[in-house]
Amino acid sequence: MSLISLSASKCVRSLARESQCNKCELICPTDAIVVANNPLPSINFSACVGCGACDAICPSEALSLDNFSASEFFFEFIDGEENLISCAKNVPCIAALSVEYMISLAVLKKEIVLDLGHCDNCAIAHKCKLQIIKNYEEASYVLGAMESEAKISLKDLCYEAKELEKLSNRREFFSSITLGNVAKAKHSFEGEVKKATDELVEHTLQKEDIELLRKKRITHRRKLLYSSIKRVEKPSTYHVIDANELSFTSQKLLDEDSCTACQMCYRVCPTGALSSDIKNSKIDFDPLLCIKCSVCHDVCAPNAITLSGTYKVKEFFEPAVQNLVSFNVRRCDECNIIFSTNSDEKMCYRCKAEEEEARELWGISEDM
């Protein structure tokens with residue numbers, strides 16, 4: 001059975017205390033992942049069944065299985081001749097494949113078949129089957145909006161491995177027991193020890209994680225999605241679709257009057273979808289990089305940044321960086337430090353806050 005692991009530096013909850021992301025907790029069919037009020041998810045490894053659903057739903061790919069990689073599966077599947085995806089054949093659970101992977105596989109294979117035949121007798125179907133269907137519907141919706149002929153089918157096939165395949169798997173297992181794989185065996189043993197511990201294991205940021213927090217990363221699934229779409233003929237019309245139907249990307253709106261130019265949104269953005277220039281004179285947004293993790297919304301105190309209700313399919317084929325707001329850049333009259341503002345303010349936020357605290361301490365009103 002696979003062992004799930006968490007890369008703390010990739011988890012969006014590491015980027016801001018205000019992050020409300022708990023998708024992994026909600027999807028886990030065995031309640032092995034608990035977020036609650038903890039900074040990072042806690043995992044009960046003995047309860048984890050290795051379905052991979054949390055890995056697929058995590059917007060920043062912070063979770064991963066030790067013996068299944070969706071990106072590695074992607075390339076193996078594309079190279080093969082078959083188009084069937086089944087938990088009895090090539091994936092731990094179909095829920096381990098995100099919407100982006102489904103779209104990419106369908107585009108390149110022209111058709112993929114998802115075998116739901118084993119779901120009715122599966123103990124985790126109450127969560128995973130629903131997620132599979134949801135991913136299928138979203139992927140099909142996007143393919144339709146792209147005017148793609150690629151097709152995704154759901155079938156109750158109940159695939160069963162043939163004896164020859166089972167024998168081959170056993171041979172591969174025995175041939176893998178070599179001195180060269182001692183390290184892997186040790187890792188596997190340590191994993192088994194974790195699985196035997198029936199308690200929540202808390203995760204914390206280590207020194208090496210903190211150093212990686214500022215690093216902007218593009219997820220593997222996003223790279224593969226746009227690489228796949230490049231091979232698709234552009235639609236006759238660039239449709240505008242309902243943004244509520246998209247779980248993996250978005251388009252942003254920003255209220256200039258509410259924005260305080262605090263810089264938090266683009267500083268915490270894990271992919272660089274939100275960015276500025278060296279002077280911090282603007283906020284730009286790139287839908288190509290957005291993973292809809294919502295951390296920018298969670299840290300925006302005045303709620304100036306919001307989600308657009310629509311999404312332009314054109315962004316899949318001709319992605320363009322959008323300017324959300326531009327700021328005035330000036331020197332603070334008090335401390336002489338350069339700061340950004342969208343008002344006529346002459347003091348930076350730190351000096352203004354200090355002045356307000358001083359006035360409150362001295363009992364002086366702003367009108368005096």
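Position 1 is the first residue of the sequence, and the numbers go up from there. The basis for the numbers below is simple: all heavy atoms, side chains too, and nothing from hydrogens, waters or symmetry mates.
Screening C54, C58, C128 for a side chain to side chain contact (heavy atoms under 4.5 Å, CB included) with I27, the sole residue that qualifies is C54. When each of K215, E211, R217 is tested with S9 by the rule side chain to side chain donor-acceptor pair (under 3.5 Å), just one qualifies, namely R217.
Using a 4.5 Å heavy-atom threshold, the side chains of L63 and I43 count as touching. Counting only heavy atoms from C-beta outward, the side chains of L224 and E100 never approach each other to under 4.5 Å. Side-chain contact between P287 and Q322: present, with at least one pair of heavy atoms (C-beta onward) separated by less than 4.5 Å. Contact check for L254 versus F285: no side-chain heavy atoms found under the 4.5 Å cut-off. With a 4.5 Å cut-off on side-chain heavy atoms, K89 and D115 do not count as touching. Proximity of S60 to I291: side-chain heavy atoms (C-beta onward) are separated by under 4.5 Å at one or more points. Considering only heavy atoms from C-beta on, E137 comes within 4.5 Å of I133 through its side chain. In this structure, L40 and S14 have side chains that are in contact, with non-hydrogen atoms separated by less than 4.5 Å.
Residues V34 and D31 come closest through the heavy atom pair CG2-O, 4.2 Å. Considering every non-hydrogen atom in both S247 and V99, the closest pair reads OG-CG2, 4.1 Å. Residues S340 and K279 share a closest heavy-atom pair of OG-O, 3.6 Å. Among all heavy-atom pairs drawn from M146 and P235, the shortest one is O-CB, 3.5 Å. V12 and P270 get closest at one heavy-atom pair: CG1-CG, 4.2 Å. For the pair S228 and V107, the tightest heavy-atom approach, listed with the atom from each and the gap, is O-CG1, 3.6 Å.
For E111, the CD atom counts as densely surrounded, since its 6.0 Å shell holds more than 12 non-hydrogen atoms of other residues, nucleotides or ligands. Within a 6.0 Å sphere centred on NZ of K223, heavy atoms belonging to other residues, nucleotides or ligands number more than 12. Under a cut-off of 6.0 angstrom, the local environment of NE2 in H220 is sparse, with at most 12 non-hydrogen atoms contributed by other residues, nucleotides or ligands. Enclosure of atom NZ in K292 by more than 12 non-hydrogen atoms of other residues, nucleotides or ligands within 6.0 angstrom is indicated. Atom CD of E318 has more than 12 heavy atoms from other residues, nucleotides or ligands within 6.0 Å. Shown here is K216, whose NZ atom has more than 12 heavy atoms of other residues, nucleotides or ligands within 6.0 Å. A 6.0 Å sphere centred on CG of D156 holds more than 12 heavy atoms belonging to other residues, nucleotides or ligands.
Side-chain atoms of Q131 do not come within 3.5 Å of backbone N or O of A95 as any donor-acceptor pair. Of the possible polar contacts, none joining the E256 side chain to the N342 backbone as a donor-acceptor pair under 3.5 Å is found. Under the 3.5 Å distance criterion, the side-chain polar atoms of N90 are matched with a main-chain donor or acceptor of L84. Side-chain atoms of K127 come within 3.5 Å of backbone N or O of L26 as a donor-acceptor pair. At distances below 3.5 Å, at least one donor-acceptor pair connects side-chain atoms of R222 with backbone N or O atoms of L288. The closest donor-acceptor contact from the side chain of R13 to the backbone of N22 lies at 3.5 Å or more, if one exists at all. Looking only at distances, no side-chain donor or acceptor of S148 sits under 3.5 Å from a matching main-chain atom of L143. In this structure a side-chain-to-backbone donor-acceptor pair under 3.5 Å is missing from S258 to P302.
In the model, S276 has no side-chain atom that pairs as donor or acceptor with a side-chain atom of Q263 under 3.5 Å. Side-chain contact check for E138 and S140: no donor-acceptor pair (N or O, by modelled atom type) lies under 3.5 Å. For the residue pair Q20 and H297, no side-chain donor N or O sits within less than 3.5 Å of a side-chain acceptor on the partner. Side-chain atoms of Y266 and N280 include a donor-acceptor pair closer than 3.5 Å.
A salt bridge between K10 and E61 is absent, with no side-chain N of the basic residue lying under 4.0 Å from a carboxylate O of the acidic one. Under 4.0 Å is where a charged nitrogen must lie from a carboxylate oxygen, and between E334 and R350 no such pair does.
Both I78 and Y101 are members of a single hydrophobic cluster when ILVMFWY side chains are connected at heavy-atom separations under 4.5 Å. V240 and L246 are members of different hydrophobic clusters when ILVMFWY side chains are connected at heavy-atom separations under 4.5 Å.
With ring centers used as reference points, Y311 lies under 6.0 Å from F316.
K109 forms a cation-pi arrangement with F77, by the criterion of a distance under 6.0 Å to the ring centre and an angle within 45° of the ring axis.
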